[in-house]
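Any value given below was found using the heavy atoms of this structure, including those in side chains, with hydrogens, waters and symmetry copies removed. Computed from a predicted structure; not experimentally measured.
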Amino acid sequence: MDYPVIDTDATGRNIDHMIRNSSYSVTDIADYLGTTSSLVYRYMRGEVLPSTDRLLALSVLLGVTVNDLLVIF
């Protein structure tokens, strides 16, 4: 039985799109998440996924669900 897998690259593009279409800067988001802008850019490039806590916080800030941020295949 296959199980769902998160597509890191597509999720990064999705996060990038949602951040760019929000009223927040990358610096605003980094400050809110308690991290650095460079890590947020890594999320946006799909290099790494946010931790579960940061994924939830990002979804709350952007007004979307965690499932809206993730791309699963």
Which donor-acceptor pairs under 3.5 Å do side chains of residues 52-64 form with protein atoms, sequence neighbours excluded?
residue	atom	partner	partner atom	Å
R54	NE	L33	O	3.2
R54	NH2	G34	O	3.3
S59	OG	L56	O	2.7

Problem set entry | Inter- and intrachain pairs under salt bridge (Lys or Arg N to Asp or Glu O under 4.0 Å), touching residues 22-43, at least two apart |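 Listed by first then second residue: R42-E47.
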
For this session: Applying side chain to side chain donor-acceptor pair (under 3.5 Å), run through T11 and N14 and close with a yes or a no.
Result: CA-CA 5 Å; T11 295; N14 204 29; over 6 Å; no

Hydrophobic clustering (ILVMFWY, side-chain heavy atoms < 4.5 Å, transitive) - are [Y] and [X] grouped together?
X: V26; Y: Y32; value: yes
X: V71; Y: V48; value: no
X: I6; Y: Y3; value: no

For this session: For the pair D16 and R45, evaluate side chain to side chain contact (heavy atoms under 4.5 Å, CB included) and give the outcome as yes or no after the intermediate values.
Result: CA-CA 7 Å; D16 178 68; R45 288 190 302 266; over 6 Å; no

If you round to the nearest 0.5 Å, how far is [atom2] of [Y] from [atom1] of [X]?
X: Y43; Y: I19; atom1: OH; atom2: CD1; answer: 10.0 Å
X: L70; Y: T65; atom1: CG; atom2: OG1; answer: 8.5 Å
X: S25; Y: R20; atom1: OG; atom2: CZ; answer: 11.5 Å

For this session: Please indicate whether Y41 has more than 12 foreign heavy atoms, meaning atoms of other residues, nucleotides or ligands, lying under 6.0 Å from its OH.
Result: no

Exercise. Does a salt bridge link R13 with D9, judged by any charged N lying under 4.0 Å from a carboxylate O?
Worked result: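 Looking at D9 together with R13, the answer is no, because their closest N to O distance does not fall below 4.0 Å.
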
Problem set entry | For L69 against M18, the heavy-atom pair lying closest together |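 Scanning both residues completely, I find the closest heavy atoms to be CD2-SD, 3.4 Å.
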
